[in-house]
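We number each residue from 1, following the sequence as shown.
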Amino acid sequence: MNSFLLIGMGLIAQALFAARFIVQLLQSEKANRVVSPSVFWQLSLFASLLLILYGFFRSDIVIVGGQLVGYLIYIRNLQLKGEWNKLPMALRYFAYLLPFSLFAFLVFGLDYNWERLLENPEIESMLLTWGTLGQLIFTSRFVVQWIHSEKIKDSVFPTSFWYISIVGSLIIAVYAIFRKDAVLFIGQSFGLVVYFRNLHLNFHHNVKRSISLFQKFKPYRLSALLVFTAMVLFFNLGGWGVTESSEARYAQIPKEMLETGDYLHPQLMGIYHYHKPPVTYWITALSYKLFGISPWSARFFLQLAILLQIWLVFRIWKLIFNEENGAFYAALIYASLPTVIIAGRGLTTDAYLATFVLSALLFWFRYLKSYQQKDLLMYYFLLGLGFLTKGPVVLIIPVVLLLAQKSFLKLSLGKLSTHVLGISMFLLLGFSWFILLFLEDRQFLDYFLFKHTLERFATDTFKRSQPFWFYIPIVIATAFPWFLVILSKVKEAWQEKNKELLSLMSWVLVPLLFFSLSQSKLVLYILPIYPGIAIVGAATWLNMKKKTQEKWDKALFIFQMLILIGLGISSFIEPDLVLNYKFYFVLVLTTTVILTIRLLPMRVKDRTVINAYLFIMGITAASSYVFINNAGMVNDARNIVSFLNENLSERKNVLVYDRRMPSISFLSDKNIISLYDGSDDLNRETQFEKTNNWKKNLINLKENPEWFIHECPESSVLLVKKSRLKKPMVEIPKDRFSRQHELDGWVIYY
């Protein structure tokens, strides 16, 4: 049987096993007691049959034999619930005969090596014994459940079932840790939540609660959201190296700050780099101090920033609408926006900028409630930190909101003197670094004011030009369906003169227009509008009619299924893409969870938001395996650095042809020499250099084409992008670089 189909069968079975407990827990929550729904046993039976077929085609008698006991218990529970006899007789006989026939064939039809039953050369005997013990305990829970159900002639879960599940799950989770199996560990961690919750329901089933899941978990739902999101964000976070070009650049500069001790003058590969103010570098340098220099530590505070943003969206909604239920919807929607998650996958300034903007707005809305001076001063202070993160762009959202509130809501801005004090604080803090550099060198005025502000907006100085409509399809796709939901209500809000909603809509629409007018465009530039999308989207969603919500719910479901199918077949479309079984397991599990939730009796306004969130969490977890297994495609140099360290450790110099590649500098201690031959990537800004030392590591082959012959240092290795070999380039000295090796789209000459 095709190995791909075989693995898919096994993954679907495992996903169904996980989905059955989701169904059981949600049904129990609705009933406010532990229940044993028929669908639990139906899913269990179907999943077990798939796993038996999977084991048969793999000639694995352990899997087939191990599933038979559970298989019979699932059938018996369906009999006790009166569901089994509803099936056609032929189907029932087939269900009995097939698994036993397969097991008998494996026992008598194959020459099976029984001595190797518990052998696994990849696992130590002690660890294998521990894992086997956990699996035996885990399996015994259904035997206990069957015996108890037979006694009372009803399909139920005894309390002991959950205790045994917890013990078995903990043992297997420890096994997964030692085996470094993230998928197994996450699966058991999720199971523990279900088992403990069922225990809690078993002892507190008399307490009356609301049917709404959001209302039921009201006291701790935000904490649960943040904890689960954190688990997904940190899942495999250090599994891949820093990627070119932006993340590698932002990761390398703080590393050089630590090495030089100079925190005011950012350097990239030995050359001053003043494109952005230093707060992002300082935060990353702090992470390096705490955790050491690594891709994981470079991204650590980014994840905390995203979690803080989710909390801030919740708090801002609550301040605006004075209501907590909708605040949770807004937080859940914000956590489901892929652009927000993307901002944490690679180190840039954008996530930190969005955090400072949101933090400032929290104090702004607090100020509008009570007009306390301390709130307004904190507002300006945080804007100052935002200015030190990415410059004037920090003011776009606050200014738009202020003007909209003044125009639509006629709000009083309070005492002028407090604003003057706050603005003074903002200017002193926000401009401090710029002023210090200007005092050192007067040319910084032109550099910051014109090149990195006016020219970045009005011209294509940094080669990031895109058409005016560039952001429209991006926002529609990455904020589906919430952005379209907002657009569908703009006219209605205007006609009804809903001034509060109109002022909040300006948070989304006006900055989107502003960034569309800019010549320089990148996806994350519009990150600060996404909190507005979540807040306005939640407000609009909660006031929609049920029929309209159902239409958007179906549209979102179709959208999600298309993406999941596309990801599932992506390796067929792109043969070079490597996707392992863990990727497909997470993908299948995500699909199963979404399908399961759609089958449950749940309010559509809850279901849509929950599925949107779980979908993105699943995609985020799955995508980590794409980064881990496709270094060349994601511009990750870790395999190249590993090759250099393992095979060419004596070579002290790495020559990189016509590319900057700070990722190599970040991952290694070798001396990196960049060879310029026309690439914009190596148009470095050297006007601020005090000496000519930088020329040792940035060679202009246009001016000095003989450098390879006369000045190339000994003990060097040359890296050339494979695609660059097709274009004219200086001749490589074959006597010095006689051997070559291809890796991740690069050719390594040595």
Side-chain angles (χ1 to χ4, degrees), residues 242-257 260 262-285 298 302 343 346-354 356 385-396 430-438 440-466 515 518-528 635 659-663 665-666 672 674 676 679-690 694 697-698:
V242 293
T243 55
E244 293 288 348
S245 62
S246 294
E247 185 185 32
R249 185 169 67 250
Y250 285 108
Q252 174 63 17
I253 291 172
K255 179 185 176 184
E256 294 187 34
M257 281 184 169
T260 63
D262 185 350
Y263 292 88
L264 287 179
H265 305 88
Q267 296 181 52
L268 177 61
M269 302 175 74
I271 298 175
Y272 289 124
H273 192 86
Y274 296 113
H275 286 204
K276 293 291 187 296
V279 163
T280 299
Y281 309 139
W282 292 344
I283 294 172
T284 310
L302 278 179
L347 177 61
T348 65
T349 58
D350 301 284
Y352 294 127
L353 173 70
F356 286 125
L385 288 177
F387 199 94
L388 270 179
T389 303
K390 203 175 179 180
V393 71
V394 71
L395 298 173
I396 294 173
F431 283 81
S432 57
W433 180 74
F434 297 92
I435 292 172
L436 285 173
L437 293 184
F438 172 72
E440 289 183 4
D441 192 333
R442 296 297 187 268
Q443 65 179 314
F444 273 112
L445 178 63
D446 175 74
Y447 181 79
F448 288 127
L449 182 60
F450 294 100
K451 185 174 182 62
H452 279 280
T453 303
L454 298 179
E455 287 187 16
R456 185 182 287 269
F457 179 83
T459 68
D460 189 24
T461 302
F462 294 94
K463 309 300 181 184
R464 295 170 180 173
S465 178
Q466 297 290 347
F515 286 114
S518 172
Q519 288 297 308
S520 184
K521 294 183 179 74
L522 288 178
V523 172
L524 290 181
Y525 285 178
I526 58 172
L527 181 62
N635 294 320
R659 290 293 180 96
R660 189 159 46 188
M661 296 299 290
S663 58
S665 185
F666 179 82
I672 312 299
S674 303
Y676 172 74
S679 172
D680 291 332
D681 193 41
L682 284 175
N683 278 328
R684 304 298 304 276
E685 296 174 341
T686 58
Q687 66 268 36
F688 301 109
E689 298 299 314
K690 303 296 189 294
W694 59 274
N697 292 85
L698 179 57

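- Put simply, the side chain of Y272 never gets that close to the backbone of H265: no donor and acceptor are under 3.5 Å apart.
- Taking each heavy atom of L437 and L264 in turn, the nearest pair found is CD2-O, 4.2 Å.
- With respect to the salt-bridge test (charged N to carboxylate O, under 4.0 angstrom), the residues D681 and R659 do not qualify.
- A 4.5 Å side-chain heavy-atom check between I253 and Q267 finds every atom pair outside the cut-off.
- In this structure, the side chain of K255 engages the main chain of F666 through a donor-acceptor pair within 3.5 Å.
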Quiz item: Is there a side-chain contact (heavy atoms from CB on, under 4.5 Å) between I271 and E689 once you walk through the steps?
Solution: CA-CA 7 Å; I271 298 175; E689 298 299 314; 3.4 Å; yes
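- Note that the CG atom of L302 and the OG1 atom of T284 stand 7.0 Å from one another [nearest 0.5 Å].
- Side-chain contact check for F688 versus Q443: some heavy-atom pair is nearer than 4.5 Å.
- Expressed to the nearest 0.5 Å, how far CG of L436 lies from CZ of F431 amounts to 13.5 Å.
- Under a 3.5 Å cut-off, the side chain of W694 and the backbone N or O of G270 do not form any donor-acceptor pair.
- Side chain of N697 to backbone of M269: no donor-acceptor contact under 3.5 angstrom is found.
- Atom OH of Y250 is separated from atom OG1 of T280 by 7.0 Å, given to the nearest 0.5 angstrom.
- Atom CZ of residue R660 and atom CZ of residue R249 lie 5.5 Å apart, to the nearest 0.5 angstrom.
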Quiz item: Stepwise, does the ring-ring contact (aromatic ring centres under 6.0 Å, His included) test hold for F434 with F387?
Solution: CA-CA 10 Å; F434 297 92; F387 199 94; 5.6 Å; yes
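- Q252 places no side-chain N or O within 3.5 Å of a backbone atom of L268 that could act as its donor or acceptor partner.
- Summarising the geometry, atom OG belonging to S245 is positioned 10.0 Å from atom CE belonging to M661; distances are rounded to the nearest 0.5 Å.
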Practice problem: May I have the step-by-step check of side-chain contact (heavy atoms from CB on, under 4.5 Å) for V394 and T389, ending in yes or no? | Solution: CA-CA 8 Å; V394 71; T389 303; over 6 Å; no
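- Annotation: cation-pi pair K521/F515 absent, no NZ/CZ under 6.0 Å from the ring centroid and within 45° of its normal.
- When all heavy atoms are compared, the tightest approach of P254 to A285 is CB-N, 3.8 Å.
- With hydrogens and angles ignored, the 3.5 Å screen pairs a side-chain donor or acceptor of W282 with a backbone N or O of Y263.
- Looking at heavy atoms from C-beta onward, L527 lies out of side-chain contact with L353 at the 4.5 angstrom threshold.
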Self-check item: Working for side-chain contact (heavy atoms from CB on, under 4.5 Å), residues L385 and Y352
Solution: CA-CA 10 Å; L385 288 177; Y352 294 127; over 6 Å; no
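- E256 contributes no side-chain N or O that, together with a main-chain N or O of P266, makes up a donor-acceptor pair within less than 3.5 Å.
- Between the side chains of E247 and T243, at least one donor N or O lies within less than 3.5 Å of an accepting N or O.
- The shortest heavy-atom contact between A251 and A298 is CB-CB, 4.3 Å.
- The OG1 atom of T349 lies 8.0 Å from the OH atom of Y525; values are rounded to the nearest 0.5 Å.
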